[in-house]
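Structure, as structure tokens:
Computed over heavy atoms, backbone and side chain alike; hydrogens, waters and symmetry mates excluded. Positions are given from 1 along the sequence.
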Amino acid sequence: MKTKLIGSIDYVRALKQSSLSAHEQLNLIINHHLQAYIDKYGFLQLPPTAYQFSPQLAPVSFFYPYFRDLVVTAYSGDEGLRADLLGQKIHLFRSYLDRQNLAFIRRYQSPMLLPGATDFQRLLAYAHDNHLKLDFKTGANYHNRYHDAFTYPRNMKVQLLQNSYRWHANSARMIEFIVNIDQGHFVSQWNVYRFADQGMIDTDPSHYSSDQLRQIADTESFNYGIPYGEYYVLGKYQHTHQRLDIRQPTDSQLRRDAKKYWQAPRDYDDGGNYVDLIKNAQDVLAWRGVPEIQRIKIYVDYVTSLKAHHYKNKGINHFFAKTKEYQQFYVPWWRRLL
């Protein structure tokens, strides 16, 4: 039955016609349809049930902003998702929404794509084909963690959609992808999870290496609230990112261990030495053109320049354009990644 395909038009229509409150609809989805439970390591497990995500559930599906609005409405208090056990499950559930979007982009086909296209190229093709604007401007320091000494960012954050001024069903910067700048592949917890019986996930932290824990620490994270980024946030969505995504309930033991070992660098405007390299697609090409042997020095000069002159960070390509020493790395606007 189509009503058992989570995210389908029929499924959302049934929810909207149910006369259930936002909290009751979330309870129906999480506890009854998906029968989700939290295991002994604090990880949300989804056992096999008659309900499954719709194969056609795309990143621009109405289900996502509808689900966001349910969460925003049901958890409008200061406690956010920490208010009850269902809120704890909803916090952990965001990773399954991430998995759905990663899988969709990785199997996306387009005449623009050559054989062997990277995850990032598929994301760019999907955005192009559907006339979507990607947002590169939200800080990615929590997705560039380090253990011993921080050198420079390896990953960038790309969010869908760039901006939306909708008062309801707002999809702004809800779905995010963490992309390795050089290689163009998605950095994600779902790259490393091991699977046990009946599709359950092995959540014992001792079964994962430090390198695997790094992807779990750097992973993407679906946003129930709306991050401000460089845009205004309307009405009921103001401060929701802080309440629903930043002041989180307890993470799984796996993610706690990963974040304990892999530390997030402090942003440069907070006294640290982290600066985003990527603010637009041209920055990706520009940084890829820098030889490995020169990268640490260039990154230090980049951070020093921003701190000294109090410039707004416009990305590494802008820095190359105005720095005579590095102008050979500048990439003109007309060069494209696809």
Distance col, row D283:CG vs N313:CG, nearest 0.5 angstrom, shows 8.0 Å
D211 versus S209, side-chain donor and acceptor atoms under 3.5 Å = no
Can you tell me if H309 uses its side chain to pair, donor with acceptor, with the backbone of S305 under 3.5 Å?
-> yes
Look at the side chain of R243 and the backbone N and O of E79, then say whether any donor-acceptor pair between them is shorter than 3.5 Å.
-> no
I6 side, atom CD1; S61 side, atom OG - distance, nearest 0.5 Å | 12.0 Å
Side chains of E220 and S188: is there a donor and an acceptor less than 3.5 Å apart?
-> yes
Check: S206 main-chain N/O paired with D204 side-chain donor or acceptor under 3.5 Å | yes
Non-hydrogen atoms of Q189 and S95 that approach each other most closely = NE2-CB, 3.3 Å
Any donor-acceptor N or O pair under 3.5 Å, side chains N144, Y142 | no
Taking salt bridge (Lys or Arg N to Asp or Glu O under 4.0 Å) as the test, write out the residues that go with D257, two or more places apart.
-> none
Heavy atoms, side chains only, cut-off 4.5 Å: are L5 and Q52 in contact?
-> yes
Just how far is it from atom CZ of R68 to atom OG1 of T73, taken to the nearest 0.5 Å?
-> 12.0 Å
Closest contact, heavy atoms only, P59 versus I105 | CG-CD1, 4.3 Å
Report yes or no: does N223 contribute a side-chain atom to a donor-acceptor pair with the main-chain N or O of R173 at less than 3.5 Å?
-> yes
Are any side-chain N or O atoms of W190 and backbone N or O atoms of A103, one a donor and one an acceptor, separated by less than 3.5 Å?
-> no
Please report the shortest heavy-atom distance between K279 and D276, naming the atom on each side.
-> NZ-OD2, 3.5 Å
Taking all atoms of both residues into account, what is the closest heavy-atom pair of L213 and A258, and its distance?
-> O-CB, 3.3 Å
Is a side-chain donor or acceptor of R154 paired with a backbone partner of N180 at a separation under 3.5 angstrom?
-> no
Do the side chains of I298 and F320 get nearer than 4.5 Å, heavy atoms only?
-> yes
State, yes or no, whether a side-chain contact exists between L113 and Q121 at a heavy-atom distance under 4.5 Å.
-> yes
Is the count of non-hydrogen atoms from other residues, nucleotides or ligands lying under 6.0 Å from K322 atom NZ greater than 12?
-> yes
Worked verdict on R122 versus D119 for salt bridge (Lys or Arg N to Asp or Glu O under 4.0 Å) | CA-CA 5 Å; R122 292 186 188 279; D119 295 335; 5.6 Å; no
Say you draw a straight line from CD of Q100 to CD1 of I175; how long is it, rounded to the nearest 0.5 Å?
-> 9.5 Å
Would the F150 and Y274 ring centres measure less than 6.0 Å apart?
-> yes
Hey, is the main chain of Q88 close enough, under 3.5 Å, to the side chain of R82 for a donor-acceptor pair?
-> no
E176 side chain to S221 backbone, donor-acceptor under 3.5 Å | yes
Sorted by chain and residue number, the ring-ring contact (aromatic ring centres under 6.0 Å, His included) partners of Y64 (sequence neighbours excluded) come out as F222
Anything under 30° is parallel, anything over 60° is perpendicular, the rest tilted; go ahead and classify Y126 against F104.
-> perpendicular
Over 60° means perpendicular and under 30° means parallel, so classify the ring planes of Y224 and F67, tilted if in between.
-> tilted
Establish, yes or no, whether a centroid distance under 6.0 Å links the rings of H185 and F120.
-> no
Any chance the side chains of N170 and Y165 put a donor and an acceptor closer than 3.5 Å?
-> no
With a 3.5 Å cut-off and no angle check, do the side chains of N280 and K137 form a donor-acceptor pair?
-> no
Within 45° of the ring axis of Y108 and under 6.0 Å from its six-membered ring centre, is that where the NZ or CZ of R106 lies?
-> no
Measure up the Y75 and H23 rings against each other and bin them: parallel (under 30°), tilted (30 to 60°), perpendicular (over 60°).
-> tilted
Could you walk me through whether R247 and D78 pass the salt bridge (Lys or Arg N to Asp or Glu O under 4.0 Å) check?
-> CA-CA 10 Å; R247 297 202 304 266; D78 289 340; 5.4 Å; no
Is there a donor in the side chain of Y237 and an acceptor in the side chain of D69, or the other way round, less than 3.5 Å apart?
-> yes
Hey, is NE2 on H128 packed in by over 12 heavy atoms from elsewhere, all under 6.0 Å?
-> no
NE2 of H33 to CG of L28, rounded to nearest 0.5 Å, is 3.5 Å
Six-ring centre of Y208, R194 cation under 6.0 angstrom, axis tolerance 45° = yes
Identified ring pair (Phe, Tyr, Trp, His ring centres under 6.0 Å) counterpart of Y152 within the set Y146, Y302, W287 = W287
Closest heavy-atom contact between F329 and P291?
-> CE2-CD, 3.7 Å
No-hydrogen, no-angle side-chain donor-acceptor test under 3.5 Å, H207 and D202 = yes
When the ring centroid of Y193 is compared with that of F43, is the distance short of 6.0 Å?
-> yes
Any chance CD1 of I9 has more than 12 other-residue heavy atoms, nucleotides or ligands included, within less than 6.0 Å?
-> no
Rounded distance [0.5 Å steps], CD1 in I29 versus CG in L15 = 5.0 Å
Between the side chain of Q45 and the main-chain N/O of I201, is any donor-acceptor distance below 3.5 Å?
-> yes
Should the pair R94-D245 be classified as a salt bridge under the 4.0 Å nitrogen-to-oxygen rule?
-> yes
Side-chain contact, heavy-atom cut-off 4.5 Å: K259 with R145?
-> yes
Backbone N/O of Y228 and side chain of H241: donor-acceptor pair under 3.5 Å = no
Heavy atoms of I226 and T240 approach each other most closely as N-OG1, 3.1 Å
Indicate whether any N or O donor in one side chain lies under 3.5 Å from an N or O acceptor in the other, for Y311 and H318.
-> no
Going by distance alone, is a donor N or O of one side chain under 3.5 Å from an acceptor N or O of the other, for Q25 and Y66?
-> yes
